[in-house]
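Below is one structure; the comments refer to it alone.
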Amino acid sequence: MPGPVREALDALPLVDHHCHGAVTADLTEPEFESLLTEGAAWPGVSPFDTPAGIAVRRHCAPLLGLDRHAPVADYLARRAELGWQEVNRRFLTAAHTEAFCVDTGYAPHPVTSPAELAAAAGARAYEVVRLESVAEAVAAQGIDAAGYAGAFRAAAEEAVRRPGVVAVKSVAAYRTGFGLDPARPTYAEVTRAAALWFAAGGRLTDPVLMRHLLWTAVGLGLPLQLHAGFGDSDLRLHHADPALLTDWLRMTTGTVPVLLLHCWPYQRQAAYLAAVFEHVHLDVGLALHHVGPARAGAVLAEAMEITPFRKLLYSSDAYGVAEFHHLGALSFRQGLAGMLQARVDADELSPTDAVRIAAWTGRDNARRLYGLPASDPGRD
Amino acid sequence: MPGPVREALDALPLVDHHCHGAVTADLTEPEFESLLTEGAAWPGVSPFDTPAGIAVRRHCAPLLGLDRHAPVADYLARRAELGWQEVNRRFLTAAHTEAFCVDTGYAPHPVTSPAELAAAAGARAYEVVRLESVAEAVAAQGIDAAGYAGAFRAAAEEAVRRPGVVAVKSVAAYRTGFGLDPARPTYAEVTRAAALWFAAGGRLTDPVLMRHLLWTAVGLGLPLQLHAGFGDSDLRLHHADPALLTDWLRMTTGTVPVLLLHCWPYQRQAAYLAAVFEHVHLDVGLALHHVGPARAGAVLAEAMEITPFRKLLYSSDAYGVAEFHHLGALSFRQGLAGMLQARVDADELSPTDAVRIAAWTGRDNARRLYGLPASDPGRD
Amino acid sequence: MPGPVREALDALPLVDHHCHGAVTADLTEPEFESLLTEGAAWPGVSPFDTPAGIAVRRHCAPLLGLDRHAPVADYLARRAELGWQEVNRRFLTAAHTEAFCVDTGYAPHPVTSPAELAAAAGARAYEVVRLESVAEAVAAQGIDAAGYAGAFRAAAEEAVRRPGVVAVKSVAAYRTGFGLDPARPTYAEVTRAAALWFAAGGRLTDPVLMRHLLWTAVGLGLPLQLHAGFGDSDLRLHHADPALLTDWLRMTTGTVPVLLLHCWPYQRQAAYLAAVFEHVHLDVGLALHHVGPARAGAVLAEAMEITPFRKLLYSSDAYGVAEFHHLGALSFRQGLAGMLQARVDADELSPTDAVRIAAWTGRDNARRLYGLPASDPGRD
């Protein structure tokens, strides 16, 4: 699928507005394989026997000096031979990304800090603060329930004042789902719920506290990223349909930008929300590297059916293996270019508009929303 | 995408079984732009920066004497220069539609009456009565709650006796969603709910009264159009999934034809209902001009996966700007022709069947359901 | 769509892991037509005027010695002329299927037993025990409620000990939907619910007894097939979204294989479940012959976006007319081959991997899960 749109996208440094770090250690084969899938690694099921695994062998193997479609054993051996630092460097630079916005709140493995990711990629990196982590740290301090609302707000405000923080994020989709009462809870309700949580311990899963977290997020003034749709087995997928959030989005119109992350298979529902609510945006991260370049265009085409072009962003949502930072970018470029080029070829879209849509989606929308500087202010 | 199916569809006068009027005034640029989107017009976001905007510049600009993909400023200037009457005339005649069924219950702007729309298009026009408007007019008369059920029924019966009325419509999807108790409410329940409504005022949003409205519709004997899926920001999209109406559809089998309008992104759910319930039909109006010709075929292909060919209809659901009456028709013709021609080319479908399916879907199903005369009885 | 992948799939004997018998009687035209659709046969609507009807005239007519796209009248006449035995033989052998797993719990018509189906096809056949039928037979014995749990379990264990039984099946999606409390009910709860059921009579539709049935299924040790998504009018489609079963699937991880049957239009939701839960698998049976070869590839492409290749199986879900045993196989082969070949042609997939994925999906996954012997152990 060559052509001018693909060339433009290849030349365009992306902004990956939501990703995680890459592992900073050599991985055993089982460790590596478990990072290739959103499920666990299962006996008899190689995570290479998936669309993502096919894409890794096709598009990552050559960057390790192997043939396309290299056998799994060769891939693993060569990856081990090169070592994690070289592997990360190769894939992260191949992603040709000028800026990464890194969610630092999920790191069961030792992974790169934003600064380390930036250094390996030759890029800049920013931080996204995961608010559930902030809330759970507050709860761990042993404060009393009456102090929770204020302490959480103060901790969140302090967290977003750290240099390089450009957004906050919530995983409400995982914890409670989006079927929440949209109203801001009262102080008394929050205190009562906090008392129950502190007594029970564990993660933040109380719906009153989750609503409080979302409303607190609105007050912080930064763009709010919300996981939606596809994720790991710790999810009820249908509770993560972003349409469930409609009432809350209606109530928060005119406040902070809301970024619906991933969304698959509810990308059309997310597109509807982005089309009718001024502050709503979306991406199809995570899905991009899991479906691979062979289907990224189909998923993007659904996501873009009615979405205003200023509302779609690029993210990889890569975690752990730098293959996914690369594959996300490649799937995005190949999928989007294929779709736009076909429209240009059918004279449904002008070449100028195609390149503009590609640049907005891959970079400029994120720059604008997060206030990121141009990588080379003299040029773009 | 030329070919015999496209030629047949271009030659076929369509029946647009659900649309609205076109504005009868010159529009300021912001007024025009706000009509291009289902959302509000937002600062910094041009409604031309959408798939619909791209399609307008591609497919409407030439009808104004401009180049394809004309710049927005040129488009707006030329549109203003021609004036609303000439603009309406050009787009409405380009739609090549023999009959429009016009929902007259939504008109926040001054728009063409059905007769004016017909005159501008060189077509015939019929009226669709929006039952919520009838109910709200009854409530505004100051009757008492005990008289509501009878008065609403009488008013609805009177409304559908007006010459040219061919169908009724409900926007239950917007007001209560489809997750209603399917049973017909009792007189006592209706009276109680009416008393509460009259005391509270405002629009009809009570679920008991909405059920009563739907069951009253069944008694009127005309086809019943139901908005489903995609609409403006005043909607909870997931409450407009037509599958939620299953029990009610099961209970009303054998009564009036039910037409599920728009449906996106639930077109497959609507297709299932059309496949298993004798009286259920669907279209993908509204989506057609919002996704544009570049994606209309993909949406239609999903809508037609299992739908009996007698069950799919064409509508534009255009409102306000006559561009959309044209774009709806064009997207339908181009999308359907592309899909059917590809199947003919692959020898999956005979040319005769392809043309028959196109004629049924674009015109004949609507003629049959609404009892419309042939435009030229000697010929077709 | 010729090419090496299609040739490999044409040469591959399939395992149809879920189907029903073919009718063993000559059918009147209305009887035949009513079997072509999931709805009833309706006045004025020929079931040939559907995507499935188009596919029958295209792909089944030649096997009866007629031209492709033969007129309906010719098709019906020729089918009657040949007689049911010859018709069954032609379509069942054309399906080129080495083994059929036959659900014997649904047979409103006189249909082939598994052995008769096998004989007509020149294949082997196995049995799938429908657990609702077992439960209803137990209830019909006039036992008392306190004995129901034990008697059902004993009857189910006896049923699965019959020679040739390879799986059990539940139609919970139809009876209660998947929105069930996932927990195993207590003996007291089951007894109380059984008492109510025995008093009321009728089919098993009680949610407590349905949960009990599903948990009993887990204890039987055989793969469990679950109808999901698309079916006839006796369904609430949105209650058959397999995502609703998430909590139960989480609780049963590590037990028996679960096979989500059909799934359309929720194939992406099913794919998610298969990607994150070790024991979950899926197919898109039933949809294959209803959408026909023209759309089977599109549906399969969605089903395979993230599904591990060991998790997708082939089924026809054909019932009654042997046309559907053939069309299911043909749609599967043509759809899958088209998709895989396009990826090979784009160098997104190696030819070796494409053929392996085809063989796993069409045959080997089912052989492994159900413990079926190879048809020719010396060769494959």
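Keep in mind that what you see is a predicted model, and the values were worked out from it rather than measured. Protein chains get the first letters and strands the later ones, always in sequence-line order, with residue 1 at the start of each.
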**OP:** Output, in order, the C-alpha distance, side-chain angles, deciding distance and verdict of side-chain hydrogen bond (donor to acceptor under 3.5 Å, both in side chains) for Glu132(C) and Ser170(C).
**Re:** CA-CA 6 Å; Glu132(C) 285 79 7; Ser170(C) 167; 2.6 Å; yes

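- Listed by first and then second residue, the ring-ring contact (aromatic ring centres under 6.0 Å, His included) pairs involving residues 336-370 of chain B are His17(B)-Tyr370(B) (not counting sequence neighbours).
- In terms of heavy atoms, Arg367(B) sits closest to Pro373(B) at NE-O, 4.0 Å.
- Around CG of Asp67(C), the count of heavy atoms belonging to other residues, nucleotides or ligands within 6.0 Å does not exceed 12.
- When Leu249(B), Thr307(B), Asp353(B) are compared by the number of non-hydrogen pairs under 4.5 Å with chain C, Asp353(B) comes out ahead.
- Residue Arg268(B) touches chain C through both its backbone and its side chain, counting heavy-atom pairs closer than 4.5 Å.
- The residue among Asp247(B), Thr352(B), Thr246(B) with the most heavy atom pairs within less than 4.5 Å of chain C is Asp247(B).
- Using a 4.5 Å cut-off between heavy atoms, Leu244(B) contacts chain C through both its backbone and its side chain.
- In this structure, Arg295(B) CZ and Leu288(B) CG are separated by 12.5 Å, a value rounded to the nearest 0.5 Å.
- In this structure, Ser315(C) OG and Asp16(C) CG are separated by 6.0 Å, a value rounded to the nearest 0.5 Å.
- Only the side chain of His59(C) comes within contact range of chain B, with at least one heavy atom under 4.5 Å from a heavy atom of that chain.
- Here the OG1-CG distance, from Thr361(C) to Leu340(C), works out to 7.5 Å after rounding to the nearest 0.5 Å.
- In terms of non-hydrogen atom pairs under 4.5 Å with chain C, the most contact-rich of Arg368(B), Arg310(B), Glu302(B) is Arg310(B).
- If you measure heavy-atom distances from Asp232(C) to chain B, the contacts under 4.5 Å come from the backbone alone.
- Comparing Leu235(C), Val299(C), Asp234(C) by how many heavy-atom pairs each has under 4.5 Å with chain B, the most go to Leu235(C).
- For Ala354(B), no part sits under 4.5 Å from any heavy atom of chain C, backbone or side chain.
- The contact between Arg68(C) and chain B is made entirely by side chain atoms (from C-beta outward), counting heavy-atom distances below 4.5 Å.
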